[in-house]
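Below: one structure, written as structure tokens.
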Amino acid sequence: MQLSYRNRMIIYNIVLFIFVFLIVVFCVFQGTSYYYINQSKNNLLEMNQDVSLYIEQSLKNPESPESLENRFVTDALFLSKNIANTEDTRALLFDVKGKFLADSDELSDNSTLGAELSLSQSQSKPVFTLKSINNQSVIYFVSPFTIDNSILGYIGFVYPLTETDTFLHIVSILFSIGGFLGLLIIILVTVSFSWHFIQPIKDLTKISGEINNGNYNLTIHYKHMDEIGDLTQAFNGMITNINNVILQLESERKRLAGVLASIDDGLLAIDKNGNIITSNSYIKTYFNVSNPKTIYDFEYQSFLRDIFDSLKNGKDHIIEEIDCNDRNLLLIGSPIREKGFEENYMIIIRNMTSARHIQEEQRKFISSVSHELRTPLTTIIGYTDMLTRRKVDDPEIVNRSLNTINREGHRLLRLVDDLLTVNKFDKAEFDFKKTNLNLVLLLSDVVEQMQIKASQSEVDINYRSDELPEVLGDYDRLQQVFINIIHNAIKYSNSGDIIDVISTLERDHIVVSIRDYGPGISEMEQKRIFNAFYRVEEDRSRGSDEGGSGLGLYIVKQIVEKHDGKIEIVSQVGEGTNIIVTIPILSVLIYGGEADAKALK
Ligand code: ATP
Ligand code: MG
């Protein structure tokens, strides 16, 4: 089991404390014992000297008739008994040969000091032995009793170290309490010290964990300027730096994402293993795969995987065009080679649908133009061929032929004019000469012009109008608009019909309606008659002198829209047609929005 730093610190401190404590206990006990034993030894030697001195004095007393040995026994015994009483010591006397003579404690065993006695006898000097009897320390002491260098006998003491034992007992109790309290203090101090010491480290660990989880908005607070303070400061600096780097990376990432998002093409960057490094929103739009992680997430777009495989196999530049989800997509695959980096790959997906559509429209337009040019040209060439080859003399045939050639020549000229106009619309700088003009006058003028053509077809044009404010427009172009519409109305009217031309003011717009009672236009065809070269029925007017090219309403719509107006059609088959043109009045253009300001130019 791995111990925490705090627990290890507690254990180390406890072990250290116990070690120091035992040394102290050992020294105190040893010192005290040594001191007391020495003291006791001195005491015993002093007692021995006192006895010797006393007996010596008494032996020198001439009045005493007793032999030296007897005097030794009586005096020494008397004295040592006295001493023993006061010092709580047991005194024993032995003769020169070691025979027991007397004991201050009569009941005791007199062989107690046997070993010490024989040692003292052999060495002729005092012998001390420390013994422990019934848990009590006792000094055994035997010393030769000498007068004038001759040994009279031996004197022994059994000296209990009661005071020492009591002292050591008290000391050991005090040490136990002290040790216990010391241990407690050591644990408390270590715990609180380690708390102060470890807490900042714990904080650092916690914050490191948070950083690991991606939270960089942190600061560690530590007020002391010590080593931990330095570490904390370094850590805070590191977090700030990481934060700055992250912010930088984030802004770089946003910039890159912005660049990717603003590219009008789909983009896929892929690494060697097919993992998607980056992609933009067009990928979802084109392939309906959101957030792809690998090239294999494009389950139904095997062409992407094929390009990736080819690039991986060393092909350098791949261009492919495919149809996918009603789109025409151009795929451009190329490797990304950067020094020091593994080779990655990029596939750009360009939506070519509208470009292809425009191409198709242009192709159709050219084919229609060719067709339209071909028809009158074929007629002209046919007639001129006939006139030159057959050498026709009949003036009527010649006249009819020349009329046809002339009519077809005019038709060709009209067509070329229309084509030139259409071509001008496609250019941005198409020039309108706009002035303030009165639509009532313009319409009256047009109606008057068309009246001749109408009467030729036995059609009558009725024009009614409110009083109208001025509009801003190109007089000739607007004339062209209404001539075209009225011309159509005449073309498709039956003889005896009337055409109603009405202009009114509706709020801030002038509404001009050109109503005929001809064959009408079906709903499906209404959507297409404004397309270039579109004619409802090839034969409806083709055979006549008025055979058109189908560019009329296309040009009309362009001109009306260039005047910020709109053109609508209300028609029912068999009931006639109403073409409604709406044009804003001048004040709308002056006080109106941005688009209107454009129209003023
Ligand atoms: P162009 O005007 O170029 O000489 P066009 O008259 O045939 O030729 P548009 O004016 O563009 O061509 O008209 C397109 C088609 O719309 C016509 O061919 C015709 O079929 C149909 N159309 C236009 N006006 C009417 C109308 N008033 N009534 C019935 N059909 C119409
Ligand atoms: Mg027309």
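In this chain, residues are counted from 1 in sequence order. Whatever order the structure lists ligands and atoms in, that order sets their numbers, starting from 1.
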Answer side chain, backbone, both or neither: which part of [X] comes under 4.0 Å from ligand 1, heavy atoms only.
X	answer
Phe530	neither
Val556	neither
Asn484	side chain
Thr577	side chain
Glu525	neither

Next on the checklist: Using only atom types and a distance under 3.5 Å, with no angle test, would you say the side chain of Asn484 pairs donor to acceptor with the backbone of Val481?
Outcome noted: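 The answer is no, because no donor-acceptor pair under 3.5 Å joins these two groups.
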
Next on the checklist: Please check: side-chain N/O of Glu343 versus main-chain N/O of Pro335, any donor-acceptor pairing under 3.5 Å?
Outcome noted: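 No; zero donor-acceptor contacts below 3.5 Å.
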
What's the shortest heavy-atom distance between [X] and [Y], and which atoms?
X	Y	answer
Val440	Ser444	O-OG, 2.6 Å
Ile461	Gln451	N-OE1, 3.4 Å
Ile585	Pro469	CG2-CG, 3.5 Å

Checklist entry - Measuring from the heavy atoms of Gly518, does anything fall under 4.0 Å of ligand 1? => result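 The answer is no: ligand 1 sits nowhere under 4.0 Å from a heavy atom of Gly518.
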
Item to check | Any Val416 side-chain heavy atom under 4.5 Å of Leu420 side chain | outcome: yes

Checklist entry - For Arg400, what residues pass the salt bridge (Lys or Arg N to Asp or Glu O under 4.0 Å) criterion, not counting sequence neighbours? => result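 Counting only residues at least two positions away or on another chain, Arg400 forms a salt bridge (Lys or Arg N to Asp or Glu O under 4.0 Å) with Glu396.
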
Next on the checklist: If the condition is salt bridge (Lys or Arg N to Asp or Glu O under 4.0 Å), which residues does Asp316 pass it with, not counting sequence neighbours?
Outcome noted: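 Asp316 satisfies salt bridge (Lys or Arg N to Asp or Glu O under 4.0 Å) with Arg337 only.
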
Checklist entry - Out of Tyr517, Phe533, Tyr492, whose heavy atom is nearest to atom 19 (C) of ligand 1? => result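 Among Tyr517, Phe533, Tyr492, the closest heavy atom to atom 19 (C) of ligand 1 comes from Tyr492.
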
Item to check | Winner among Gly552, Ser571, Gly550 once heavy atoms are compared against atom 8 (O) of ligand 1 | outcome: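 Minimum heavy-atom distance to atom 8 (O) of ligand 1 goes to Gly550.
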
Backbone or side chain, does any N or O of [X] fall under 3.5 Å from an N or O of ligand 1?
X	answer
Tyr554	no
Pro519	no
Asp418	no

Item to check | the Mg ion (ligand 2): protein N, O or S atoms that are less than 2.8 Å away, sorted by chain | outcome: Asn488 OD1

Atom pairs and distances, side-chain donor-acceptor, residues 257-267, under 3.5 Å, sequence neighbours left out:
residue	atom	partner	partner atom	Å
Ser262	OG	Gly258	O	3.0
Ser262	OG	Val259	O	2.9
Asp264	OD1	Tyr282	OH	3.2
Asp265	OD1	Arg350	NE	3.2
Asp265	OD2	Arg350	NE	3.0
Asp265	OD2	Arg350	NH2	2.9

Checklist entry - Given the rule in the side chain to side chain contact (heavy atoms under 4.5 Å, CB included) test, do Lys433 and Tyr475 qualify, once you have shown the distances and angles that lead to the verdict? => result CA-CA 8 Å; Lys433 292 179 195 71; Tyr475 196 90; over 6 Å; no

